**Q** 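My questions all concern the structure below.
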Amino acid sequence: MTLPAIAPQPGIMEIALYEAGSSTLSGRSDVLKLSSNENPFGPSDKAREAVARAAHQMHRYPSTDHAALRAAIAEVHGLDLDRIICGVGSDEIIHFLCQAYAGPGTDVLFTEHGFLMYRISAMAAGATPVEARERERTTDIDALIAAATPATRLIFVANPNNPTGTMVDLSELERLARAVPQAILVIDAAYAEYVGGDYDGGAELATRLPNVVMTRTFSKLYGLGGLRVGWGYGPRPVIDVLNRIRGPFNLSNVALEGAEAAIRDRAHAEHARTENARLRGWLATALAERGVPSDSSCANFILARFPDATTAEACDAALKADGIIVRRVASYGLPHCLRITIGDEASCRRVAHVIGQFMAGRGDAT
């Protein structure tokens with residue numbers, strides 16, 4: 001018996017598969033991975049201990065309401081825990097939003113160099129993905145407003161943006177939210193912890209405005225990329241909607257316990273943030289001195305710019321030859337750039353040395 005071909009929903013097969021940062025090189029065991037914006041200092045010892053304890057309860061189902069983790073998030077950030085939802089990374093929250101608020105006949109708007117999951121989640125929901133141009137690799141609020149239509153239901157803005165590292169003022173994001181009231185503005189603040197100062201990732205806007213949601217993650221500053229924990233914060237009616245499509249056991253006991261311990265360990269978080277800021281500045285300066293500029297980054301990576309795509313590809317090959325993996329970002333519309341995660345000091349110096357040798361060999365160093 002031959003079974004008939006069963007087609008997926010329209011648009012699914014048009015989605016390009018997401019390609020994560022590489023982690024291996026053939027023939028090398030000493031790879032330096034700087035392709036996924038991971039915290040080089042790893043998780044805190046307290047998080048490790050919490051995970052070890054939780055491992056003894058792996059036969060038990062986790063809580064369905066994530067109450068303890070939401071309480072910890074609320075305490076640390078001064079938020080209303082009833083407005084918090086937890087997910088499998090912030091990616092899952094993005095997917096929930098598209099499932100709940102987008103669909104056939106609606107538009108999902110984002111910037112031209114925005115996170116690839118915005119397009120993927122929009123198409124998975126049957127919505128039309130719409131790109132708005134950026135200005136010098138920075139979110140252009142006026143371009144987003146101009147691109148919005150009555151069909152626009154969601155607007156995604158990563159702030160700081162991945163892969164550019166640039167960001168815009170919260171006052172500009174408020175202007176966007178007010179200009180397009182029929183859409184939910186989603187402020188993707190995965191890298192907010194690296195900004196420092198009084199930047200809250202958009203939490204105050206999500207508290208005050210009825211059409212703003214903020215998403216955050218434990219994968220970056222807290223070093224829990226392998227556990228996959230994220231969260232969102234927004235108006236209670238929106239969070240109620242998202243919880244209705246959230247799987248009841250979407251986060252494991254291990255993930256919940258590890259994340260709660262991680263966010264409460266403020267000393268480890270501050271150490272990771274300050275070291276990142278120091279080394280980010282050092283690497284950006286070092287590469288600029290070698291003829292490779294980058295925009296001022298507010299995240300845990302820099303976007304190194306080369307004269308053209310051919311030079312970027314050749315530099316990527318030179319780095320790989322030395323056992324260093326960075327991220328090619330041609331899929332983000334930036335074929336002449338390489339995104340380089342900020343590692344520890346030895347890693348940053350090694351990257352600067354290899355790129356310096358490469359540029360000098362091409363006669364391009366300043």
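The structure displayed is predicted, hence computed values, not measured ones.
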**Q** Would you call Asp322 and His353 a side-chain contact if the rule is heavy atoms closer than 4.5 Å?
**A** no
**Q** Examine distances only and state if a side-chain atom of Thr149 and a backbone atom of Ala151 form a donor-acceptor pair shorter than 3.5 Å.
**A** yes
**Q** Report the hydrophobic cluster partners of Leu173, with the cluster defined as I, L, V, M, F, W, Y residues connected by side-chain heavy atoms closer than 4.5 angstrom, directly or transitively.
**A**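 Under the 4.5 Å side-chain rule, Leu173 groups with Leu109, Val130, Ile141, Leu144, Ile145, Ile155, Val157, Met167, Val168, Leu170, Leu176, Val180, Leu185, Ile187, Val195, Tyr199, Leu205, Leu209, Val212.
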**Q** Taking Arg133 as the fixed residue, which of Thr139, Asp140, Thr111 is the one that meets the side-chain hydrogen bond (donor to acceptor under 3.5 Å, both in side chains) rule?
**A**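 Only one of Thr139, Asp140, Thr111 forms a side-chain hydrogen bond (donor to acceptor under 3.5 Å, both in side chains) with Arg133, namely Asp140.
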**Q** Examine Met123 and Val108 and state if one hydrophobic cluster contains both, with Ile, Leu, Val, Met, Phe, Trp and Tyr joined whenever side-chain heavy atoms are less than 4.5 Å apart.
**A**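 Result: yes, single cluster for both.
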**Q** Following the transitive rule for hydrophobic clusters with a side-chain heavy-atom cut-off under 4.5 Å over Ile, Leu, Val, Met, Phe, Trp and Tyr, establish whether Leu256 and Ile239 coincide in one cluster.
**A**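 Different clusters: Leu256 never reaches Ile239 through Ile, Leu, Val, Met, Phe, Trp or Tyr contacts under 4.5 Å.
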**Q** Are Ile184 and Met214 connected in a single hydrophobic cluster, I mean Ile/Leu/Val/Met/Phe/Trp/Tyr linked by side-chain heavy atoms less than 4.5 Å apart?
**A** no
**Q** Just by distance, no angles: are the side chains of His268 and Asp45 close enough, under 3.5 Å, to form a donor-acceptor pair?
**A** no
**Q** Taking only residues two or more places apart in sequence or in another chain, which ones pass salt bridge (charged side-chain N to carboxylate O under 4.0 Å, His left out) with Arg305?
**A**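 If we apply the salt bridge (charged side-chain N to carboxylate O under 4.0 Å, His left out) test to Arg305, skipping adjacent residues, the hits are Asp295.
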**Q** Is the CG atom of Asp198 crowded by more than 12 outside heavy atoms at less than 6.0 Å?
**A** no
**Q** Looking at every heavy atom in both Thr341 and Ser36, which two are closest together, and how far apart are they?
**A**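 Scanning both residues, the minimum pair turns out to be OG1-N, 3.7 Å.
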**Q** Give the ring-plane orientation class for Tyr118 versus Phe156, where under 30° counts as parallel, over 60° as perpendicular and anything between as tilted.
**A**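 Correct class here is parallel.
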**Q** In the structure I gave you, are the side-chain heavy atoms of Cys98 and Leu154 within less than 4.5 Å of one another anywhere?
**A** yes
**Q** Counting distance only, does the side-chain N/O of Asp344 pair as donor-acceptor with the main-chain N or O of Phe41 below 3.5 Å?
**A** no
**Q** Of all the heavy-atom pairs spanning Gly87 and Leu251, show the shortest one and how long it is.
**A**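 That closest heavy-atom pairing would be O-CD2, 3.4 Å.
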**Q** Under a 3.5 Å distance rule, please check whether Thr106 uses its side chain to pair with a backbone N or O of Ala102 as donor and acceptor.
**A** no
**Q** Run the salt bridge (charged side-chain N to carboxylate O under 4.0 Å, His left out) test against Glu92 and tell me which residues pass, sequence neighbours left out.
**A**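 Partners of Glu92 under the salt bridge (charged side-chain N to carboxylate O under 4.0 Å, His left out) test: none.
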**Q** For residues Asn162 and Arg339, is any side-chain donor paired with an opposing acceptor at under 3.5 Å?
**A** yes
**Q** Return yes if some donor-acceptor pair links the side-chain N/O of Asn253 with the main-chain N/O of Gln57 below 3.5 Å, else return no.
**A**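 Yes; judged by distance alone, with no hydrogens or angles, the pair exists.
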**Q** Checking Ser219 against Arg228: is there a side-chain donor and acceptor pair closer than 3.5 Å?
**A** yes
**Q** Report the C-alpha distance between Lys33 and Glu38 in whole Å, list the side-chain angles of each, state the deciding distance to 0.1 Å, and finish with yes or no for salt bridge (charged side-chain N to carboxylate O under 4.0 Å, His left out).
**A** CA-CA 9 Å; Lys33 182 187 177 189; Glu38 294 157 331; 3.1 Å; yes
**Q** Distance-only, no hydrogens or angles: does the Asp91 side chain make a donor-acceptor pair with backbone N or O of Gly230 under 3.5 Å?
**A**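 The answer is no, because no donor-acceptor pair under 3.5 Å joins these two groups.
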**Q** Quick one: does any side-chain atom of Ser294 pair with a main-chain N or O of Ala304 as donor and acceptor, under 3.5 Å?
**A** no
**Q** Report yes or no: do Ile120 and Phe96 belong to one cluster of Ile/Leu/Val/Met/Phe/Trp/Tyr joined by side chain heavy-atom distances under 4.5 Å?
**A** yes
**Q** Without swapping roles, check the side chain of Asp169 against the backbone of Ser171 for a donor-acceptor pair under 3.5 Å.
**A**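 Side chain of Asp169 to backbone of Ser171, a donor-acceptor pair under 3.5 Å: no, none is there.
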**Q** Taking the six-membered ring where the residue is Trp, are the ring centres of Phe110 and Phe115 under 6.0 Å apart?
**A**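 No: the rings miss the under 6.0 Å criterion.
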**Q** Tell me whether Arg83 contacts the main-chain N or O of Ala206 through its side chain, where contact means a donor paired with an acceptor under 3.5 Å.
**A** yes
**Q** Keeping Arg290 on the side-chain end and Ala286 on the backbone end, is there a donor-acceptor pair under 3.5 Å?
**A** yes
**Q** Let me check something: do Trp231 and Val213 share a hydrophobic cluster, defined by ILVMFWY side-chain heavy atoms less than 4.5 Å apart, either directly or through other members?
**A**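 Trp231 and Val213: separate clusters.
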**Q** Please indicate whether Arg244 has more than 12 foreign heavy atoms, meaning atoms of other residues, nucleotides or ligands, lying under 6.0 Å from its CZ.
**A** no
**Q** Donor-acceptor pair, Glu134 side chain versus His113 backbone, under 3.5 Å?
**A**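 Present.
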**Q** For the NE2 atom of His336 and the CG atom of Leu303, what is their distance to the nearest 0.5 Å?
**A** 7.5 Å
**Q** Is it the case that atom CD in Gln182 sees more than 12 heavy atoms from other parts of the structure closer than 6.0 Å?
**A** yes
**Q** Is a side-chain donor-acceptor pair under 3.5 Å present for Asn243 with Arg246?
**A**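 The criterion, which ignores hydrogens and geometry beyond distance, is satisfied for Asn243 and Arg246.
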